[in-house]
Each structure stands twice: as structure tokens, then as C-alpha cells.
Amino acid sequence: MIQNKPLPASEYRRRRRQLMRMMGPGSIAILPTSRLAVRNRDVHHPFRPDSDFYYLTGFAEDDAVAVLIPGRKHAEYILFCQERDPKREQWEGARAGQEGARKQHGADDAFPIADLDEILPRMLEQTDRVYYAMGCDPELDRRMSSWVSQVRQKARAGVSAPFEFIALDHYLHDMRLYKSRSEIAIMRRAARISSRAHKRLMRHCRPGMMEYELEAEFIHECITSGARAQAYPAIVGGGANACVLHYVDNDQALRDGDLVLVDAGCELDCHASDITRTFPVNGHFTKEQCALYQLVLDAQLAAIEQVQPGKHWNAPHEAAVRVLTRGLVKLGLLKGQVAKLIRDGAYKRFYMHRTGHWLGLDVHDVGDYKIDGEWRILEPGMVLTVEPGLYIAPGEKGVAKKWQGIGIRIEDDVAVTKSGPNVLSKDAPKTIEDIEALME
Ligand code: GLY
Ligand code: MN
Ligand code: MN
């Protein structure tokens with residue numbers, strides 16, 4: 001029995017308070033959740049709340065809008081959501097309704113979502129500043145501009161319309177970059193489930209299996225652990241398919257003697273994990289695979305070492321590039337002086353992506369990487385991936401045949417802590433010895 005506890009209501013309350021403190025009196029924030037997306041005809045994709053909306057509310061129903069009005073006497077946090085409807089609920093499942101929004105979800109007040117057009121213009125009256133993420137929901141953008149013009153039309157009656165519109169995402173995304181202790185605990189749990197799932201598919205892997213069979217083993221372990229959603233579509237690439245960075249067909253047979261790259265991570269309470277492991281289909285690395293794999297692993301360990309408070313965002317990438325370029329010269333895959341090859345970006349022929357990204361509610365999480373043109377300094381509470389790789393496509397000119405068709409990436413989820421890097425995904429084996437022992 002697996003207990004996956006969602007974040008406590010107090011955490012969402014703390015975040016709303018923090019945002020409202022930054023907004024100050026005389027302001028209003030308006031945040032819609034995502035829209036239910038049609039998959040085909042009358043079938044929908046599973047609903048996933050908008051990350052910004054969920055970050056502040058923890059409310060997972062569709063068709064909802066959250067409003068924050070700091071300093072408002074009657075209610076500061078107002079949730080517009082669907083009304084209870086026994087007939088619809090018999091088909092679609094229970095709704096919180098307005099009473100549930102207040103009693104279970106911490107809203108100070110709640111209204112039916114159908115009343116949004118009537119109530120929101122009144123809330124905009126007498127507010128100076130509107131915090132809103134323009135351009136994310138075109139339909140709400142249109143309604144927003146009609147609400148504002150309604151308020152403007154009342155100017156002669158002494159009603160003042162807001163005169164400042166501020167991008168809410170700028171503030172919110174900076175908050176989301178710093179994870180609390182309970183948030184990191186959830187992310188660690190997500191990474192643990194994904195690590196177990198990677199181990200499971202390594203154990204099951206045999207030559208002749210299909211790539212999607214490994215994907216199935218991964219998803220099986222996640223769902224039986226209570227993580228029903230994947231943070232992104234799994235990449236399972238055998239042999240040269242690993243050189244296609246966003247390969248998601250996952251429909252080829254796995255060949256004896258090839259490596260297979262698996263980039264997969266579950267989502268838990270809307271928190272992402274993002275892990276890549278590369279291993280031999282038959283459980284044993286060849287000499288060439290060993291050489292390239294060890295090089296990527298050395299680059300990854302050097303990069304993880306740079307995940308320290310006070311280092312800048314690009315330090316892990318620079319460390320990985322140094323190790324990879326040096327190694328590629330040693331193996332004869334690059335020729336020339338290491339420093340010049342790095343300056344010229346010669347390594348990009350085999351390593352064409354960056355070494356990581358922020359991780360959180362979104363797999364490519366929000367938050368600026370540069371501030372005033374300078375790389376951001378790493379601070380405790382930030383979580384990022386570290387994922388160097390090497391990709392030597394078949395037919396790569398001037399490269400010995402023995403290296404061709406090998407694609408390797410090793411990716412971990414790492415939290416910045418006062419005492420250095422904390423690898424949340426450390427349960428997934430990655431040394432050559434550990435992988436071969438597990439697959440024995
Ligand atoms: N799985 C997506 C990434 O590694 O960025
Ligand atoms: Mn990643
Ligand atoms: Mn990944």
C-alpha cells in the first residue's frame with residue numbers, strides 16, 4: 001500500500017499570502033485553470049490543472065478561476081467553480097461546489113463559474129492594478145478586456161477603472177522557483193517512483209522486445225505506485241533511435257548488442273520527475289559503449305558537483321562540456337586543442353542540447369535563467385535536471401563505424417541545498433557495474 005500525501009492546505013495558503021504581500025492593496029490577481037482539451041469527438045484528454053493556478057489553489061477541477069484581492073475585508077481569496085449538479089455528477093464524478101471550495105479548499109468565498117461575467121467587473125471597480133497572465137487563454141483575454149471597458153463606462157458615476165496591468169507570471173514564476181521542504185519531499189517521492197520504474201524495465205529488458213514494452217513496464221510501476229500521470233511522453237529509443245532527441249514512436253524492436261535510451265518520469269500531485277538512463281539491451285556494455293558511457297557519466301558527475309549555492313546556472317553545463325570535449329579528443333572523435341574546441345562549440349556536433357532545466361510543477365519548469373543578462377546564481381530550494389549526453393548518428397562523416405548509432409544520455413533530478421547537490425533520483429542505477437549487476 002503506497003501513501004502519496006498531497007501538499008497540505010496550509011502550503012497553498014502560505015503561497016497566496018506571499019503573493020498578496022507582493023501585490024499590495026488596491027490590486028487584484030485573476031488566474032484561470034486549464035481548459036479541458038478534446039482528444040477526438042466527445043472524448044477528452046485527462047484533465048490536468050494549470051500549474052500556476054494549482055500552485056496557488058491545489059484545486060484540481062476544470063472550469064475554475066481564482067481571484068486574489070489583498071486587503072479586501074469580506075474575502076481575499078475567491079474561487080469561481082462549477083456548481084454542484086447531482087445529474088452531471090452521476091456521470092462525471094463529484095464536484096466540490098461553492099461550499100466545498102470554502103470548507104475544503106480554503107476559499108474565503110466562492111461563486112458559480114457561470115456568474116463570472118456578472119461578478120468580476122464589480123471586483124475590478126476601485127482596483128488600481130490587475131495581475132493577469134495575458135496571452136495564455138485567448139477567450140479569457142477577450143472577456144477581461146470587456147470587463148475593463150464595462151468599468152470604464154462607469155467613469156462618470158465616479159467609478160475608477162484599473163490603470164496598471166502587470167504580468168502575474170513574472171512574480172509567480174519566481175516564487176515557483178524556490179521549492180519548500182514539503183514540495184521537495186513530493187518531488188523526491190515522484191523521483192523515487194520513477195527510479196523504481198527505471199529499475200523494473202532494466203530487469204525486464206531482453207533483445208527482441210519492442211521499445212513500447214519497456215514503456216509499458218515503466219508506466220505499470222508508476223500507476224501501481226499511485227502516480228497515474230506521466231510528466232511528459234516517454235522516450236524509449238533503441239540503437240540509433242537514441243540519437244533522435246525527442247523520439248517518441250517507441251515502436252521498434254530492441255536489438256542484441258545495442259544500447260537503449262529511456263527518458264521517462266512520472267508526475268505526482270502535479271509535480272514532475274524527469275530521469276534518463278541508457279543501458280545495453282542484453283545487459284552487457286561493449287568496449288565502445290563502455291568508453292562513451294563512462295565519458296557521459298564522468299561529465300554528469302562533474303556537472304552535478306557544480307550544483308552548489310553560489311555557483312551560477314551555467315556552471316554545470318560548462319563542467320559537462322569540458323569533460324565531454326576532453327574525452328572526445330582522447331577517443332579521437334574530435335581533433336584539436338580542447339580550449340579552442342570548446343570556444344568554437346565543436347562538441348555540439350555530438351552534444352547539441354544544454355545540460356539541464358528547472359524542474360517543478362512543469363517538467364521544463366518556470367523561472368528565469370538569466371537576470372539582467374547574467375546567469376542566475378543557484379540557491380537552496382531550486383531543483384534542476386542534470387542531463388549531458390552524446391549522440392553519434394549513423395553515417396556521421398569522418399567518424400569510425402564503431403561509434404556510429406550510439407546515443408547516450410544520463411539525467412538526474414537535483415535539488416540545491418546548503419550542503420550541496422541532493423540527487424532526488426539517486427535510486428536509479430547509473431554506473432556500469434550497477435547496471436550490469438541489476439540486469440544479470
Ligand atoms: N524529458 C524532457 C527533458 O529531458 O528535458
Ligand atoms: Mn530533462
Ligand atoms: Mn528527460
Side-chain angles (χ1 to χ4, degrees), residues 48 51 176-177 179 184 187-188 190-199 201-202 211-212 214-215 217-219 221-222 227 229-238 241-250 259-268 270-279 293 296-297 299-301 303-304 306-307 313-317 319-321 324 348 350-367 369 378 382-391 407-416 421-430:
R48 161 63 158 77
S51 298
R176 279 178 53 187
L177 190 50
K179 276 78 178 170
I184 289 185
M187 292 184 70
R188 181 178 294 111
R192 276 201 183 136
I193 292 171
S194 296
S195 302
R196 260 206 318 266
H198 275 280
K199 276 160 84 172
L201 67 83
M202 281 182 195
E211 291 165 341
Y212 54 68
L214 297 189
E215 183 180 6
E217 295 303 332
F218 188 88
I219 293 174
E221 186 68 36
C222 296
Q230 296 290 300
Y232 55 91
I235 297 169
V236 183
N241 293 339
C243 300
V244 180
L245 296 179
H246 286 164
Y247 177 78
V248 285
D249 289 346
N250 303 354
L259 292 177
V260 55
L261 180 155
V262 181
D263 183 347
C266 72
E267 188 180 81
L268 191 63
C270 290
H271 289 80
S273 57
D274 181 8
I275 304 176
T276 308
R277 290 294 182 263
T278 309
F279 54 92
Y293 186 91
V296 176
L297 184 57
Q300 204 230 12
L301 295 174
I304 290 175
Q306 296 298 311
V307 180
W313 164 260
N314 212 37
H317 181 65
V321 163
L324 288 175
K348 288 184 186 163
F350 305 118
Y351 179 40
M352 56 296 282
H353 60 79
R354 296 193 52 83
T355 302
H357 49 83
W358 302 127
L359 185 73
L361 287 172
D362 293 304
V363 61
H364 296 155
D365 208 31
V366 293
Y369 291 95
L378 298 178
M382 295 174 172
V383 181
L384 55 139
T385 66
V386 180
E387 50 178 307
L390 283 176
Y391 313 90
I408 298 166
R409 176 161 67 253
I410 308 172
E411 174 174 31
D412 278 305
D413 304 342
V414 186
V416 186
N422 182 351
V423 181
L424 306 179
S425 47
K426 65 177 175 355
D427 295 349
K430 63 179 174 182

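Whatever order the structure lists ligands and atoms in, that order sets their numbers, starting from 1.
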>> Regarding Y247 and N241, do their side chains bring together a donor and an acceptor under 3.5 Å, going by distance alone?
In response: yes
> So which heavy atom on A320 is nearest to which on T355, and how close?
Replying inline: CB-OG1, 3.8 Å
> What does the list of residues with a heavy atom under 4.0 Å from ligand 1 look like, ordered by chain and number?
Replying inline: Y232, D263, D274, H357, H364, E387, E411
>> Evaluate R188 against D413 for salt bridge (Lys or Arg N to Asp or Glu O under 4.0 Å), listing each step before the verdict.
In response: CA-CA 9 Å; R188 181 178 294 111; D413 304 342; over 6 Å; no
> Parallel, tilted or perpendicular for W358 and W313, by the 30°/60° rule?
Replying inline: tilted
> Can you tell if the side chain of V321 reaches within under 4.5 Å of the side chain of Y351, non-hydrogen atoms only?
Replying inline: yes
> Between D427 and K199, is the closest basic N to carboxylate O distance under 4.0 Å?
Replying inline: no
> Which residues and atoms, protein N, O or S only, are under 2.8 Å from the Mn ion (ligand 3)?
Replying inline: D263 OD1, D263 OD2, D274 OD1, E411 OE1
>> Just to verify, what does Y232 make a ring pair (Phe, Tyr, Trp, His ring centres under 6.0 Å) with, not counting sequence neighbours?
In response: none
>> Please evaluate residues R277 and D412 with respect to the criterion salt bridge (Lys or Arg N to Asp or Glu O under 4.0 Å), reporting the C-alpha separation (whole Å), side-chain torsions for both, the decisive distance (0.1 Å), and the verdict.
In response: CA-CA 9 Å; R277 290 294 182 263; D412 278 305; 2.8 Å; yes
>> So, using side chain to side chain donor-acceptor pair (under 3.5 Å) as the criterion, who are the partners of H357 when residues are at least two apart?
In response: D274, T385, E387
> Measuring to the Mn ion (ligand 2), does H364 have an N/O/S atom at a distance below 2.8 Å?
Replying inline: no
>> On a heavy-atom basis, which atom in I304 and which in P421 lie closest, and how many Å separate them?
In response: O-CG, 3.4 Å
